[in-house]
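As a basis for the values below, the full set of heavy atoms in this structure was taken, side chains included, without hydrogen atoms, waters or symmetry mates.
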Amino acid sequence: MKTVIIPKYLYTSILVAVLIAILLTIVQVIPEKPLLLSERLMSSGGWIQIGIAVIYGAILSYKMQDRKERPKWRIRAWLLFSIVFFGQLLLGILVDPIFLMTGKLHLPVPAVILAGPLYRMEGLFMPILFLSTLLLSGPAWCSQLCYFGAFDAWSAKGKTEKTAFRYHRQLRYSVFLLVIAGAITLRLAGAEGWIATLAGVTVGIIGLGIMLTLSRRKRKMIHCSSYCPIGTLVSFMKKLSPFRVSLNTNCTHCMACLKACKYDALHKENIEKGKLGYTCTYCGDCLSACKHSGLEYRFLKLRPATAERLWIIITVVLHTCFLMIARI
C-alpha cells in the first residue's frame, strides 16, 4: 500500500484553520450582540463567515511559509485587512451604523490607541488588545495587524534606499512625547471632545502626508518606523514577547537583506555588529532576501524553523480574526 506523504506546510495550515475555527466559534456563540458582520446582516451568516475565515487563514499560512512568497502575501493580506476595515467604516458612516462595532464612531488613527485612554481616563479595550498582540507575536502589530500601516507599506514599495533616515530618532521621540503631553494637557484643560478629535485627525493627516512624501521617496516605511507613536511603543515593548529575529553564524555580510527591510532596521553597521535595529517588526522580509540562511526566528529553546512556523501560526490566526471583526 502506497504511503501518502503530507507536505509539512499543510500541517501548519491545518492547525491555523482549527485555531481560527475555535476562536471565531467562541466569538459567534458567546456574545449576546453579534460581533461577526455576516451574523448582523442575515441569520446564521456568522457561520458562513467563519467558514470563509478558515479557508482564508489556511491559504495565507500556507503561502507565508514559503520565504520567497512571504513578502508578497504579507502585504496583500495586510492591505486587504485595511481595505475591509476602512470600507466598513465608510459603510457605517454613509449607509448604516450596523457596519460599526458599537454603533458609535471612534477615530481610526493609531496614535489614539495611546492618547485616547489618557484623554478619556477610560476605554482600555484597544490598549489591552494591543498589549495582547505584543505578548503573543511580538511586534507583528506593525507588520500585519495595524489598520493604518499597510498604506505606508504600499507607499514604500520599490527599491529601498540603503542609508538610514537622518531624522529618525528626532521625529519618533518628539511625536511620541507630544502625543502623550497633548492628551494629558487636553484632559487637564477640560477640552471638549471635538477639540480632542480634531487633534487626533491632525496627527492622522500628517501621518498620511509622511506616507505620500517621505515613505514614497525613501522607499521605506517612515511613518511606521519614525513617526507613529504606536510604532515607537512597539519598539520599546516588543521584548515582552519571547519571539526574536536574529543574525546567525551563516551571515556572510553580503548585505542583501538591506534591500528587503522597509522598517529602517537593517544597515551595514547592524550587520557588522550582528544585531538587527530596534525598529525590526519580525516581518521576515529579510529572510527571503538572504541566500545564506543568515537570519532566523527564535522562541525560547525551539529550533529556528519551529519558532518561525509558530510565529506564522500565531500571526496569521490573529490577522484572520482581526479581519473578521475589522470594525470600529
Pair up each side-chain donor or acceptor in residues 204-215 with any protein partner under 3.5 Å, not counting sequence neighbours, and list the distances.
residue, atom, partner, partner atom, Å
Thr213, OG1, Gly209, O, 2.6
Ser215, OG, Asp152, OD1, 2.6
Ser215, OG, Lys220, O, 3.3
Ser215, OG, Ile222, N, 3.1

Between Thr279 and Arg172, is any side-chain donor less than 3.5 angstrom from a side-chain acceptor?
-> no
How about Trp154: does its CH2 atom have over 12 heavy atoms from other parts shown lying under 6.0 Å from it?
-> no
Which pair of non-hydrogen atoms, one from Asn248 and one from Ser293, has the smallest distance, and what is that distance?
-> ND2-O, 3.0 Å
Closest non-hydrogen atom pair between Tyr297 and Cys283, with its separation | OH-C, 3.6 Å
Heavy atoms, side chains only, cut-off 4.5 Å: are Leu247 and Lys275 in contact?
-> no
Of all heavy-atom pairs linking Ala58 and Val16, the shortest is N-CG1, 4.4 Å
Under 3.5 Å, is there a donor-acceptor pair between the side chain of Gln65 and the main chain of Ser61?
-> yes
Minimum heavy-atom distance between Ser288 and Arg67, given as atom pair plus value | CB-O, 2.9 Å
For residues Ser226 and Phe165, report the shortest heavy-atom separation together with the two atoms involved.
-> OG-CD2, 3.5 Å
Only pairs under 3.5 Å count here: list side-chain donor-acceptor contacts from residues 176-186, not counting sequence neighbours, and write none if there are none.
residue, atom, partner, partner atom, Å
Thr185, OG1, Ala181, O, 2.7

Should Phe86 and Ile83 be regarded as members of a common hydrophobic cluster, given that ILVMFWY residues are connected when their side-chain heavy atoms come within less than 4.5 Å of each other, either directly or indirectly?
-> no
Nearest heavy-atom contact between Ile313 and Thr12 is CG1-CG2, 3.4 Å
Should Ile22 and Ile55 be regarded as members of a common hydrophobic cluster, given that ILVMFWY residues are connected when their side-chain heavy atoms come within less than 4.5 Å of each other, either directly or indirectly?
-> no
From the list Arg70, Lys72, Lys157, Arg74, salt bridge (Lys or Arg N to Asp or Glu O under 4.0 Å) with Asp285 holds only for Arg74
Check the angle between the aromatic planes of Tyr9 and Tyr62 and answer parallel, tilted or perpendicular using the 30° and 60° thresholds.
-> perpendicular
Got a list of side-chain donor-acceptor pairs under 3.5 Å for residues 126-139, not counting sequence neighbours?
residue, atom, partner, partner atom, Å
Ser132, OG, Ile128, O, 2.7
Thr133, OG1, Phe130, O, 2.7
Ser137, OG, Thr133, O, 3.2

Cluster check Leu114, Leu188: I/L/V/M/F/W/Y, side chain < 4.5 angstrom = yes
Out of curiosity, Glu272 CD to His267 NE2, how far, rounded to the nearest 0.5 Å?
-> 12.5 Å
Look at atom OH of Tyr167 and say whether more than 12 heavy atoms of other residues, nucleotides or ligands are closer to it than 6.0 Å.
-> no
Tell me yes or no: between the side chains of Gln28 and Glu39, is some donor less than 3.5 Å from an acceptor?
-> yes
